[in-house]
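Accompanying notes for the structure given below.
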Amino acid sequence: MELASREAYEKMLDRVLSRVQSSRADRGERTISLTPEIIHEHRQTIIANFKQLADALGREPQHLARFIFKETGRPGTLDGERAILSGRVGDEELGKLLQLYFKEFVKCPVCGGIDTKIVSEKRFRFLVCEICGAKTPIRKI
Ligand SMILES: [Zn+2]
């Protein structure tokens, strides 16, 4: 018991230390511009700057695409820089989805930082923050 609590204490200490260190580092206030360029044609919705959006979010286009396809309930494909969804998806809806994705899969819920990455452990996925070290479970998509 004592050993376990000592380990927990050391872990906590690590966490605190890394928080102190990282708060000293130059965090910079960065904002991400998320403006989808949307084209509607032939019963399709094309996001022309899709890869650029994924890059801005620091995520794989495939991951962002799976999220969009799942949330809109529409099948789609990636085509170079673009994503193509079947049917008409409104600009406002896509804008909201990008915000949701940002909140759920990019932004650290603990410190609000955006220097995060997605880590897979067995069948679980976590959002790991490079600033505060927080590890938050996220859903698999
Ligand atoms: Zn954080």
Side-chain angles (χ1 to χ4, degrees), residues 1-41 43-141:
M1 279 308 271
E2 196 169 308
L3 186 67
S5 66
R6 188 187 164 81
E7 268 173 28
Y9 173 75
E10 279 174 358
K11 256 191 194 145
M12 190 190 77
L13 208 61
D14 271 356
R15 174 71 63 86
V16 171
L17 284 176
S18 73
R19 188 188 284 259
V20 170
Q21 275 163 8
S22 63
S23 65
R24 241 189 272 138
D26 180 24
R27 245 202 241 183
E29 286 299 314
R30 286 188 290 133
T31 51
I32 299 181
S33 161
L34 294 174
T35 312
E37 287 167 24
I38 299 164
I39 302 158
H40 297 282
E41 61 176 32
R43 296 169 169 271
Q44 288 180 329
T45 302
I46 298 166
I47 307 171
N49 62 340
F50 193 78
K51 188 174 178 297
Q52 194 188 316
L53 294 171
D55 286 348
L57 290 160
R59 293 291 174 264
E60 291 294 318
Q62 289 81 359
H63 188 259
L64 178 59
R66 281 203 303 276
F67 174 82
I68 302 275
F69 300 156
K70 191 173 181 179
E71 294 296 314
T72 57
R74 293 174 187 281
T77 51
L78 284 179
D79 173 38
E81 305 273 297
R82 314 183 302 167
I84 303 167
L85 287 135
S86 67
R88 188 184 174 87
V89 184
D91 298 17
E92 200 183 323
E93 186 182 352
L94 282 171
K96 272 189 194 149
L97 286 175
L98 287 170
Q99 291 299 331
L100 270 179
Y101 181 88
F102 175 71
K103 256 195 191 161
E104 194 173 347
F105 296 104
V106 180
K107 190 178 177 186
C108 171
V110 177
C111 74
I114 56 174
D115 292 304
T116 59
K117 60 184 179 205
I118 294 176
V119 174
S120 303
E121 280 177 23
K122 293 178 183 156
R123 57 196 179 85
F124 300 103
R125 300 287 178 275
F126 297 93
L127 186 69
V128 175
C129 177
E130 289 168 5
I131 294 173
C132 76
K135 190 173 168 186
T136 312
I138 52 174
R139 69 187 155 118
K140 189 182 172 188
I141 50 170

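First listed ligand is number 1; within each ligand, the first listed atom is number 1. Reckoned from all heavy atoms, side chains included, excluding hydrogens, waters and symmetry mates.
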- Taking side chain as C-beta onward, heavy atoms only, is Val110 less than 4.5 Å from Ile131? no
- Which residues and atoms, protein N, O or S only, are under 2.8 Å from the Zn ion (ligand 1)? Cys108 SG, Cys111 SG, Cys129 SG, Cys132 SG
- Note on the structure: Leu98 and Leu34 have their tightest heavy-atom pair at O-CD1, 4.1 Å
For a quick test of your reading: what N or O donor-acceptor pairs under 3.5 Å do the side chains of residues 57-68 make, sequence neighbours left out?
unit_1: Arg59; atom_1: NE; unit_2: Phe105; atom_2: O; d: 3.0
unit_1: Arg59; atom_1: NH1; unit_2: Thr116; atom_2: O; d: 3.4
unit_1: Arg59; atom_1: NH2; unit_2: Phe105; atom_2: O; d: 2.9
unit_1: Arg59; atom_1: NH2; unit_2: Thr116; atom_2: O; d: 3.4
unit_1: Arg59; atom_1: NH2; unit_2: Thr116; atom_2: OG1; d: 2.8
unit_1: His63; atom_1: ND1; unit_2: Tyr101; atom_2: OH; d: 2.6
unit_1: Arg66; atom_1: NE; unit_2: Ile141; atom_2: O; d: 2.9
unit_1: Arg66; atom_1: NH2; unit_2: Ile141; atom_2: O; d: 3.2

- Side-chain touch His40/Asp91, heavy atoms, less than 4.5 angstrom: yes
- Closest approach of Arg74 and Ser86, non-hydrogen atoms and distance? CD-O, 3.2 Å
- Message: Using side-chain heavy atoms (C-beta onward) and a distance below 4.5 Å, is Leu127 in contact with Pro109?
- Response: yes
